[in-house]
Protein chains: 2
Amino acid sequence: MSRDQRADDPAALQEALGSFVRAFGLHQPETTPCGRPISVSEAHALSELEQEGELRQVELTRRLRLQKSTVSRLVGQLSSRGWVERAPAPDDGRGVVLRLTPAGQRAARNLAEARRERFSRLLGSIPAHERAGVLHALDVMVEALDE
Amino acid sequence: MSRDQRADDPAALQEALGSFVRAFGLHQPETTPCGRPISVSEAHALSELEQEGELRQVELTRRLRLQKSTVSRLVGQLSSRGWVERAPAPDDGRGVVLRLTPAGQRAARNLAEARRERFSRLLGSIPAHERAGVLHALDVMVEALDE
DNA sequence: ACCTTCTGGTTGTACGGTCGAACCATGTCC
DNA sequence: GGACATGGTTCGACCGTACAACCAGAAGGT
């Protein structure tokens with residue numbers, strides 16, 4: 001099948017993506033694909049917080065694309081694990097600022113390490129000269145999905 | 001961070017993939033990304049059955065990467081919607097052979113159509129000069145996963 | 001033949017992530 | 001200052017999934 005024909009057959013893309021999602025275990029969101037006893041959403045939250053240092057809860061909601069109620073509970077779980085601190089936002093009396101505790105930073109690093117191993121294997125299966133293109137393509141798709 | 005550094009960092013891949021999964025709404029498995037009142041797993045099951053015509057239940061379990069109990073219930077739901085028929089396997093007294101009913105075939109076609117539209121819109125949001133690259137990147141990833 | 005083990009399916013139970021709605025407090029705008 | 005919008009929390013419900021127990025049929029060895 002030629003390249004142009006494939007571009008006109010979006011179902012093939014869905015097929016491939018569906019297989020990918022299942023192969024990665026993403027259909028079971030309560031365990032991370034890396035085998036850690038932590039949910040996918042929690043892992044993403046940890047990752048965002050580690051990267052940003054501080055994050056407004058509403059911003060986390062936006063990035064995770066969840067309802068605010070869900071994020072509230074999610075943060076509550078992370079907090080009761082001792083991984084996240086909530087502080088009142090200095091510039092907005094309604095807001096909450098989230099930050100990782102030292103224990104949370106350790107957890108995030110451990111998680112990142114497990115993730116790194118898992119994805120190293122996947123990345124290793126991608127020819128080196130294709131890697132940048134794959135990453136760029138995923139960025140492009142996310143951007144497209146936001147419109 | 002330069003492009004090459006990023007390309008060799010598995011965390012970047014995870015980042016990109018995580019964003020994509022969330023942007024696509026896959027973190028909410030009880031509604032299909034196409035906005036249909038049908039779960040992602042049901043959609044996949046329908047798709048597999050449409051493609052294969054007939055499928056042993058155990059084979060569906062394998063393809064969907066679910067537990068057999070989950071698939072049993074899943075099939076029960078599709079059956080009570082009148083979309084799937086169960087018949088005893090001719091060569092194995094334990095087995096169950098699944099097949100789409102006419103209504104199920106219609107549902108599968110409708111679903112495929114909705115999916116097509118969704119992906120067409122997605123493709124439409126991707127700058128034309130990026131499309132070939134994105135399609136190619138997806139191919140590469142699927143290939144990498146099959147190893 | 002018989003016993004054991006494996007395999008495909010079903011049912012019961014529990015868990016957990018997500019949403020929507022109701023509600024409160026605070027910010028914003030006319 | 002009143003109306004509306006925004007950030008968070010809590011409550012209730014839904015649903016997909018796993019695990020375990022169980023049953024029935026197949027497979028293989030003695």
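Heavy-atom basis, side chains included; hydrogens, waters and symmetry copies ignored. Since we're looking at a predicted model, the values are computed, not measured. Sequence lines set the chain letters: A, B, ... in the order given, protein chains first and strands last, and positions in each chain run from 1.
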Quiz item: So does A/Arg73 reach the base of D/dT10 with its side chain, donor to acceptor, closer than 3.5 Å?
Solution: no
Practice problem: Verify the contact: side-chain N or O of A/Thr70 to OP1 or OP2 of C/dG17, cut-off strictly under 4.0 Å; return yes or no. | Solution: no
Practice problem: Quickly work out the A/Asp92 CG to D/dT6 C1' distance and round it to whole Å. | Solution: 8 Å
Practice problem: Find the distance B/Glu59:CD to C/dT7:C1' and express it as a whole number of Å. | Solution: 15 Å
Quiz item: Are any of the side-chain heavy atoms of B/Gln57 and B/Lys68 separated by less than 4.5 Å?
Solution: no
Quiz item: Taking the side chain of A/Arg94 as heavy atoms from C-beta outward, which of D/dG8, C/dC19, C/dT26 is closest to it?
Solution: C/dT26
Exercise. Quickly work out the A/Glu42 CD to C/dT18 C1' distance and round it to whole Å.
Key: 13 Å
Practice problem: Return no unless some side-chain N or O of A/Ser72 is found under 4.0 Å from OP1 or OP2 of D/dG8. | Solution: no
Self-check item: Reported CD-to-CG distance for the pair A/Glu48 and A/Leu55, which is rounded to 0.5 angstrom
Solution: 7.0 Å
Self-check item: Whole-Å gap separating P (C/dG20) and CD (A/Gln67)
Solution: 5 Å
Exercise. To the nearest 0.5 angstrom, please state how far the CG atom of B/Asn110 sits from the CD atom of B/Glu113.
Key: 8.0 Å
Exercise. Confirm from the modelled atom types if B/Ser69 and D/dC19 form a donor-acceptor pair under 3.5 Å, side chain to base only.
Key: yes
Exercise. Answer with base, sugar-phosphate or nothing: what part of the nucleic acid does A/Arg62 contact at a heavy-atom distance below 4.0 Å?
Key: nothing
Quiz item: How many angstroms lie between atom OG of A/Ser41 and atom CG of A/Leu46, to the nearest 0.5 angstrom?
Solution: 12.0 Å
Quiz item: Which whole-number value in Å describes the distance from B/Leu60 CG to C/dT7 C1'?
Solution: 17 Å
Practice problem: Taking only the side-chain heavy atoms of B/Ser41 (C-beta and beyond), determine which of D/dG16, D/dG7, C/dG9 contains the nearest atom. | Solution: D/dG16
Quiz prompt | Contact nearer the 5' end of DNA chain C, comparing B/Val71 with A/Leu66 | solution = B/Val71
Quiz item: Taking all non-hydrogen atoms of both residues, which atom of B/Gly95 and which atom of B/Arg56 are closest, and how far apart?
Solution: CA-NH2, 3.3 Å
Quiz item: How long is the line joining CD1 of B/Ile38 and P of D/dC14, in whole Å?
Solution: 20 Å
Quiz item: Rounded to the Å, how far apart are A/Leu98 CG and D/dG7 C1'?
Solution: 12 Å
Self-check item: Distance, rounded to the nearest Å, where A/Lys68 contributes NZ and D/dT9 contributes C1'
Solution: 9 Å
Quiz item: Does a side-chain N or O from A/Arg86 land closer than 4.0 Å to OP1 or OP2 of D/dT9, or not?
Solution: yes
Exercise. Kindly point out which of D/dC19, D/dA26, C/dG9 is positioned nearest to the side chain of B/Arg56?
Key: C/dG9
Quiz item: Taking the nucleotide of DNA chain C with the closest heavy atom to each, which residue, A/Gly93 or A/Gln77, is nearer the 5' end?
Solution: A/Gln77
Quiz item: Where the side chain of B/Val58 is concerned, which of C/dG9, D/dA5, D/dA26 is the nearest nucleotide?
Solution: C/dG9
